[in-house]
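Data block below; observations after.
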Amino acid sequence: MIQIEDLTKTYVMGEETVTALDGVSLSIARGESIAIIGPSGSGKSTLMNILGGLDRPSRGRYRFEGDEVARFSDDQLADFRNRRIGFVFQSFQLLPRLSALQNVELPMVYAGAAPRARRERAAELLERVGLGSRMGHRPNQLSGGQQQRVAIARSLANQPDLLLADEPTGALDSATGVEVLGLFQKLNTEGLTVVLVTHDRGVADAARRRIAFRDGRVTEDVRS
Amino acid sequence: MSGASPAEIVRFAAGAIIAHPLRSGLTSLGVVIGVAAVVMMTSIGLGAQKRVTDTISGLGSNLIIVTPLQPRTAGGVMGGAGSGQSLSDADTVAIQRQVQGAAAVAPSVTGMAQVTADGANWNTSIVGVTPEYLEARDLTVASGRMFDDRDARQGRKVAVLGPTVVTQLWGEADPIGKRIRIRGAPFEVVGVLGSKGQSSFGRDQDDLILAPLETVRSRIIGRRIKADSVQTIYVKAVSEEELGTVQEEIDAVLRAEHKIQPGEDDDFQTQNLASILEASRAAIGAFTVLLAAIAAVSLVVGGVGIMNIMLVAVTERTREIGLRMALGARRRDVLTQFALESVALSLVGGLIGLGIGLLGAAGIAAIGNWPFALPVWAIPVALSFSSLVGLVFGAYPAWRAARLDPIEALRRE
């Protein structure tokens, strides 16, 4: 599904040029479950941003289902993020003014879905993550684990090809973290490709493939 | 691929405004005040125009007023209108004979005098006129009669009173046939004028006495003026279309009569009411535009207020913007959402300001006994102008929002 070749990302910070990714090549097949691990500054977040279409590489190729994503325009990238990618963030990133249901509807609004259809789909997704009784609640009325499940429901709204989760358990206690990881595993067994970015070995063990990063390079790529 | 529908973007913008009612209200306040000020100024200006129109039309229709004018002296100083004595009975006769379109030619002299009757006294204007005066000035006689040419020829001391004079001297009683003394000279009251009421400048138009021209000239004004001098000649044109022609003819007749050589200045002045009206209206119109323009400055200040708050909002909601982008919002969607927010803030402010402005103008009209004029065009202008203010001042904050880097924006705390 994904082929990346010689992917390089450099930032200019003041007078220094920082190399966040240094010629990374790898491929990801449909249905895989991958953990990207490494200390902070290793380049794992940069890779995730490029995979998710939030950032463009400085050099190299990023092919997604045959499309050269590195050459997409801003609007094409917006649509790519909207249709192909589901994001789950460490800090949930729910809009506080909106109810759980409205938060889940948001990606479908930008996809141009009809109000009734997207409301039904959002309700269905919230049922699936076990929040059927909490649809009208605002984020501040929900626990951390519940908020992250709303975020997961939102990431699934437009039936993405790839789920990208950045430290998804980082803000949760360990019991809730295990629940959320279980949810990712369940989604993966249903066929969704899941990429988790983490610095937590325990979280990484939940994935079937582990890619370790250091100084912008892949140091380890193992399947368990 | 369709993208977010406009209705949804409107909903996002409205949601953000409603989320902070107090802040939104204060943000709009600048535009509220600006629009209210513009509407109020325009309405008051229109009211003033209406009032002036009423006043001037009240002088009589199709009227041309001829007054003496002292020719420019060597120093270039000009005497005020009416200060000269260049008009005489001969001019009246010349205009009557030679000007085709003149329906009525009415010479007059005016003086102030003390009037006494049955122990009461009153100080009023004594206007010496000919019977044509009624027609020229659109006056009517409510009771009794107007004096005629025979009264004038015989030098009879008869008077037609304005209603105010009657009330001041006798109260309710019928004054016809009663005797009054003007500067000690006895006059007989033969008629009472119909009321013209208060002029809109507050002058009582009913406070006067009409008497034959010759009598007033010799008895009341006396030696201060030449025996055949008149102060004002009122000429009523047969129709509005003839006004210009009649005025030109009067000018020509009087120049010939006064033997004014080509190139020399006139020693009289003709004014037609239409042009006086036009000049006053133009002056008030210019003044209104000036006032409205000053008021419009506050609208700009209101716009700056909106821009300020929208910049704060973009900073505060950086994470929201980043998230929306991550979820698939295009830059255009973000731009539209923020631009709509400022347009909506400004437009709502404009609507409220319009209401306040109209109420204020009506209030001032009621208190000042001033005609209330509704500037109909001001409604679309106020609304489109306030939308424009929102758009212009919201454009930069919205552009800033749309240019945000989603990664940076998401990372912001």
Side-chain angles (χ1 to χ4, degrees), chain A residues 9 11 20 45-56 72-99 102-115 118 138-139 151 154-158 160 164 166-167, chain B residues 1-24 312-338 340-341 344 398-413:
Chain A
K9 180 71 184 180
Y11 299 99
S45 291
T46 305
L47 179 69
M48 196 193 96
N49 288 336
I50 292 175
L51 285 177
L54 286 167
D55 203 354
R56 289 193 181 87
F72 275 2
S73 70
D74 278 1
D75 280 357
Q76 281 175 310
L77 275 180
D79 291 340
F80 172 76
R81 294 192 293 264
N82 185 242
R83 303 293 175 130
R84 308 315 267 305
I85 308 293
F87 286 103
V88 176
F89 303 96
Q90 179 175 2
S91 51
F92 323 137
Q93 303 281 15
L94 300 175
L95 290 187
R97 287 198 317 270
L98 304 184
S99 68
Q102 288 171 318
N103 266 292
V104 176
E105 281 184 59
L106 213 48
M108 296 186 272
V109 170
Y110 287 112
R118 68 173 194 249
R138 302 219 169 170
R154 181 182 64 192
S155 74
L156 300 174
N158 287 331
L164 288 174
D166 187 5
E167 303 280 8
Chain B
M1 185 148 297
S2 45
S5 76
E8 298 296 340
I9 305 285
V10 170
R11 222 165 46 92
F12 289 147
I17 292 170
I18 293 161
H20 302 285
L22 180 61
R23 183 208 274 195
S24 303
V312 171
V314 169
T315 309
E316 276 181 352
R317 283 153 62 192
T318 298
R319 256 160 63 117
E320 173 191 331
I321 296 162
L323 174 73
R324 285 179 183 277
M325 286 177 165
L327 296 183
R330 298 178 181 193
R331 296 200 187 278
R332 194 194 329 121
D333 295 331
V334 174
L335 184 86
T336 314
Q337 180 183 340
F338 279 84
L340 270 178
E341 260 182 65
W399 179 81
R400 283 256 298 241
R403 292 318 304 170
L404 283 174
D405 173 10
I407 300 167
E408 285 295 318
L410 279 170
R411 214 175 278 155
R412 195 81 63 88
E413 282 312 310

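Bear in mind the structure is a predicted one, so any value in this text is a computation, not a measurement. Every chain is numbered from 1, with letters handed out A, B, ... down the list of sequences.
At a threshold of 4.5 Å between non-hydrogen side-chain atoms, the residues A:Asn82 and B:Arg330 do not count as touching.
For chain A, the option among B:Ala326, B:Ala19, B:Gly322 with the highest count of heavy-atom pairs below 4.5 Å is B:Ala326. Per-residue counts of heavy-atom pairs under 4.5 Å with chain B were compared for A:Gly52, A:Pro107, A:Pro96; the largest is that of A:Pro107. Interface summary for chain A: among B:Asp333, B:Leu323, B:Asp405, the most heavy-atom pairs under 4.5 angstrom belong to B:Leu323.
Taking the side chain to side chain contact (heavy atoms under 4.5 Å, CB included) definition, one finds that A:Ser155 meets it with A:Val88, A:Ile152, A:Leu163, sequence neighbours left out. Shown here are the side-chain hydrogen bond (donor to acceptor under 3.5 Å, both in side chains) partners of A:Asp74, two or more places apart in sequence or in another chain: A:Arg56, B:Arg331.
For A:Arg118, the part sitting under 4.5 Å from any heavy atom of chain B is the side chain, from C-beta outward, and nothing else. Only the side chain of A:Pro115 comes within less than 4.5 Å of a heavy atom in chain B; its backbone stays farther off. Neither the backbone nor the side chain of B:Ala7 comes within less than 4.5 Å of any heavy atom in chain A.
Nearest heavy-atom pair across B:Met325 and A:Arg81 is O-NE, 2.8 Å. B:Arg319 and A:Ser91 make their closest contact through NH1-OG, 4.1 Å (heavy atoms, listed as atom of the first residue, atom of the second, distance). Scanning both residues, A:Ala78 and B:Ala329, for their nearest heavy atoms gives CB-O, 3.8 Å.
One finds the NE2 atom of B:His20 at 6.5 Å from the CZ atom of A:Arg97 (value rounded to the nearest 0.5 Å). To the nearest 0.5 Å, atom CZ of residue A:Phe89 and atom CZ of residue B:Arg411 are 11.5 Å apart.
For the side-chain contact (heavy atoms from CB on, under 4.5 Å) with B:Leu327, the qualifying choice from A:Leu106, A:Leu95, A:Ile85 is A:Leu106, the only one to do so.
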